[in-house]
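These numbers come from the heavy atoms of this one structure, side chains and all, not from hydrogens, waters or symmetry mates. For this chain, numbers begin at 1 and follow the sequence in order.
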Amino acid sequence: MGTYLNCGNEAFRQICSGIYVDKTNLIRYINSTIGTSANLTCFSRPRRFGKSFAAVMLSAYYDKSCDSGDLFDSLAISRADTYEKYRNQFDVIYLDITWFISRARTKRTPMIVSAIQAAVIEELKKAFPGCIDESEEYLPDALIRISQQTKEKFFIIIDEWDALFREAKENEELQKSYIQFLRGMFKAGPAMKSAIAGAYMTGILPIKKYGTESALTDFREFTMAKPLKLAEYVGFTEDEVQKLCAEHHLDFEGMQKWYDGYSFSRIKHLYNPNSVINAIANEELGSYWTKSETYESLRQYISMNFDGLKDAIIQMLGGQRISVDVNTFQNDMTTFNCRDDVLTLLIHLGYLAYDERNSEVYIPNLEVADAFKSAVKGTSWSEINQLLSQSESLLKATIKKDSETVANALELSHESCTSILEYNDENSLSCAIMLAYYTARNYYEIVREFPSGKGFADLVFIPRKNTDKPAMIIELKYNKSAESAIQQIKDKRYTGRMQDYTGNLLLVGINYDKNAGSKKHTCIIEEL
């Protein structure tokens with residue numbers, strides 16, 4: 001067993017011994033590409049979304065130096081027609097690029113790219129004595145020589161392929177040298193192609209683009225913006241999380257609130273796998289994924305000086321979705337030309353979810369919302385910071401039916417958003433209210449309603465399980481009265497989930513005078 005060549009199956013055995021969700025059908029797809037022109041796969045996902053687990057799984061399955069039947073015979077892949085055909089049939093080269101970066105004393109071009117090749121070639125010489133020259137320094141040539149003499153094929157796995165673009169993001173010389181190395185591995189002529197059975201790369205960023213073209217055009221890419229048929233392997237599906245919750249006696253609704261929200265055309269509910277596993281292990285819901293690194297990067301990106309970026313972030317904090325063009329992003333950490341490039345990076349980092357059908361981004365769940373709240377604290381957005389910090393107090397005042405405090409707080413929120421969004425626009429009003437009640441999402445499912453007629457917005461606060469807080473219906477009026485807002489709530493017949501609700505219910509009527517000389521907010525709160 002080597003460090004880079006044929007690493008064995010012990011790492012996957014350890015994964016299976018813990019809280020494990022069977023994602024081995026990913027192997028079924030990779031098997032279908034072997035022997036075809038589509039045998040190069042790049043599947044990018046955010047940190048802690050199971051990238052390395054998948055790479056280790058593939059390594060254990062293909063590695064010919066071991067027998068992994070006892071690991072896979074009871075898993076989903078064992079029912080595939082190709083299961084026995086490819087199990088433990090290839091020499092596997094496994095490269096963790098972050099490992100090579102940590103070993104290098106500097107990030108100069110000769111160090112890392114040369115170190116990768118030298119380390120693998122050293123093991124190849126020991127495993128295949130006499131097949132390659134002692135002076136060989138170029139890994140693609142070494143693989144060709146071995147394959148030609150032994151008639152064996154290699155399966156290449158590159159974990160964290162994009163680490164150089166993230167950790168040496170200013171070093172263009174190193175990046176270009178690295179790309180040339182990858183091109184040598186995967187874009188060479190027939191001899192190189194015949195030496196490789198397949199390849200699987202994973203990382204956070206999609207493959208680097210130069211202009212509109214990928215640097216490695218032969219790879220089929222699956223990303224957070226377009227996962228295609230691999231969408232179910234981005235994270236945990238709803239069925240998988242429901243099963244885990246049943247097995248470990250955890251609240252499924254809480255899991256939804258904290259970790260759901262990523263949605264694709266093929267899979268509507270995807271959960272952050274790292275956070276789900278941590279919640280089960282600790283028997284407690286909370287922020288796990290976002291605590292594994294500082295908020296510096298998120299704060300840095302949302303503070304960039306691009307037209308419309310601050311507006312977009314604040315509207316998403318207010319629960320709205322924002323249109324985005326993901327096609328201009330160059331797939332690195334430095335090339336940003338507009339707000340959409342920044343938003344697209346945040347999609348790949350997992351801080352935003354992407355609705356491909358409508359080309360919209362949004363904050364997916366409570367865990368990520370907490371990350372944004374923490375990141376905003378370090379910005380110069382003083383008015384938004386004040387709203388978020390006072391949000392819990394506003395909720396308490398509402399529950400106490402302190403109508404004067406509520407009116408003043410909402411007036412402040414509305415006024416604070418004036419400089420950012422259009423004051424009398426119904427979406428900006430709804431955004432202002434959602435920001436003012438930001439922490440309420442910890443206790444409520446908040447449903448927006450926009451009745452016919454412009455000029456008002458309805459919000460319904462449905463208590464989550466295990467909370468003693470009352471349900472709330474908030475109605476707003478322009479240039480009328482808080483009393484008329486309350487009466488409109490009473491006159492409506494709310495259907496669906498509110499119709500069946502039997503706990504305490506607060507009716508909150510808000511009116512504001514949108515005349516330039518006043519803009520006064522008034523409030524009445526009644527309990528049913």
Side-chain angles (χ1 to χ4, degrees), residues 46-47 165-166 169-170 204-206 208-209 212 223-226 261-262 290 293-356 358-365 367-389 391 413-423 425-436 438 441:
R47 288 180 315 102
F165 286 90
R166 292 184 278 116
K169 55 188 176 183
E170 304 293 342
I204 294 175
L205 296 175
K208 169 65 181 167
K209 288 196 297 186
T212 60
T223 72
M224 288 298 285
K226 205 174 185 68
Y262 302 95
T290 53
E293 71 169 21
T294 67
Y295 301 115
E296 273 306 314
S297 59
L298 179 58
R299 183 181 301 124
Q300 171 190 347
Y301 294 127
I302 66 176
S303 301
M304 284 187 168
N305 187 27
F306 290 110
D307 287 344
L309 178 59
K310 182 178 180 181
D311 293 26
I313 298 300
I314 291 174
Q315 289 180 69
M316 285 189 288
L317 286 169
Q320 298 185 30
R321 296 187 174 210
I322 301 298
S323 296
V324 65
D325 179 3
V326 300
N327 297 309
T328 62
F329 182 50
Q330 294 299 294
N331 299 348
D332 62 33
M333 310 292 280
T334 57
T335 309
F336 302 105
N337 297 308
C338 60
R339 72 153 202 180
D340 285 356
D341 289 344
V342 179
L343 297 179
T344 304
L345 173 61
L346 295 180
I347 293 171
H348 294 299
L349 294 176
Y351 287 113
L352 295 177
Y354 179 58
D355 178 353
E356 183 184 1
N358 297 307
S359 298
E360 293 176 335
V361 288
Y362 57 96
I363 297 174
N365 53 47
E367 183 176 39
V368 179
D370 276 358
F372 271 92
K373 181 180 177 182
S374 297
V376 167
K377 288 180 180 178
T379 67
S380 59
W381 306 352
S382 57
E383 69 277 23
I384 303 303
N385 274 313
Q386 184 178 4
L387 292 179
L388 298 180
S389 64
S391 178
S413 178
H414 205 173
E415 186 64 36
S416 296
C417 291
T418 301
S419 60
I420 306 164
L421 306 170
E422 203 174 318
Y423 189 83
D425 178 78
E426 62 187 32
N427 286 328
S428 68
L429 173 58
S430 179
C431 177
I433 297 171
M434 290 289 285
L435 283 171
Y438 193 79
R441 64 191 73 193

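With sequence neighbours left out, the side chain to side chain donor-acceptor pair (under 3.5 Å) criterion links Asn365 to no other residue. For the ring-ring contact (aromatic ring centres under 6.0 Å, His included) test, no residue two or more places apart in sequence or in another chain qualifies with Tyr438. Every residue two or more places apart in sequence or in another chain that forms a side chain to side chain donor-acceptor pair (under 3.5 Å) with Thr328 is listed here: Asp341. Remark: Ser389 engages no residue in a side chain to side chain contact (heavy atoms under 4.5 Å, CB included) (not counting sequence neighbours). Not counting sequence neighbours, Glu360 has no partner by the salt bridge (charged side-chain N to carboxylate O under 4.0 Å, His left out) test. When the side chain to side chain donor-acceptor pair (under 3.5 Å) test is applied to Arg441, no partner is found at least two apart in sequence or on another chain. Qualifying ring-ring contact (aromatic ring centres under 6.0 Å, His included) partners for Tyr354, counting only residues two or more places apart in sequence or in other chains: none. Scanning for side chain to side chain donor-acceptor pair (under 3.5 Å) contacts around Lys209 gives an empty result, with sequence neighbours left out.
Here the closest non-hydrogen pair linking Pro364 and Ala353 is CB-CB, 3.9 Å. What you find for Phe372 and Tyr351 is that their closest heavy atoms are CE1-O, 3.2 Å. Across all non-hydrogen atoms, the minimal contact from Ser413 to Leu387 is CA-CD2, 3.3 Å. Scanning all heavy atoms of the two residues, the minimum distance from Phe336 to Phe306 falls at O-CZ, 3.5 Å. When every heavy atom of Ser303 is checked against every heavy atom of Thr379, the shortest pair comes out as OG-CG2, 3.3 Å. Across all non-hydrogen atoms, the minimal contact from Ala312 to Leu343 is CB-CD1, 4.5 Å.
Within the model, atoms OG1 of Thr344 and CG of Asn327 stand 8.0 Å from one another, a figure rounded to the nearest 0.5 Å. Considering CD1 of Ile314 and CD1 of Ile302, their distance stands at 9.0 Å, rounded to 0.5 Å. Interatomic distance, Ile322 CD1 to Met316 CE, rounded to the nearest 0.5 Å: 6.0 Å. With values rounded to the nearest 0.5 angstrom, Met333 atom CE is found 7.0 Å from Arg166 atom CZ. Separation of atoms OH (Tyr301) and CD1 (Ile313) is listed at 13.0 Å; rounding is to 0.5 Å. Remark: Leu435 CG to Lys373 NZ distance equals 11.5 Å, nearest 0.5 Å.
Between Leu388 and Trp381, every side-chain heavy-atom pair lies at or beyond the 4.5 Å cut-off.
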### Query
Going through the distances and angles, do Glu367 and Asp370 end up as a side chain to side chain contact (heavy atoms under 4.5 Å, CB included)?
CA-CA 5 Å; Glu367 183 176 39; Asp370 276 358; 5.9 Å; no

### Query
Checking side chain to side chain contact (heavy atoms under 4.5 Å, CB included) for the pair Leu346/Leu298: CA distance, chi angles, key distance, verdict?
CA-CA 8 Å; Leu346 295 180; Leu298 179 58; 3.8 Å; yes

### Task
With side chain to side chain contact (heavy atoms under 4.5 Å, CB included) as the test, would you mind laying out the steps for Val326 and Asp340 before giving the verdict?
CA-CA 7 Å; Val326 300; Asp340 285 356; over 6 Å; no

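The local environment of CG in Asn358 is crowded, with over 12 non-hydrogen atoms from other residues, nucleotides or ligands closer than 6.0 Å.
Judged by distance alone, the side chain of Tyr362 and the main-chain N or O of Gly261 form a donor-acceptor pair under 3.5 Å.
Pairs of residues two or more places apart, or lying in two chains, that qualify as salt bridge (charged side-chain N to carboxylate O under 4.0 Å, His left out) and include a residue from residues 313-339 are Lys208-Asp332, Arg321-Asp355.
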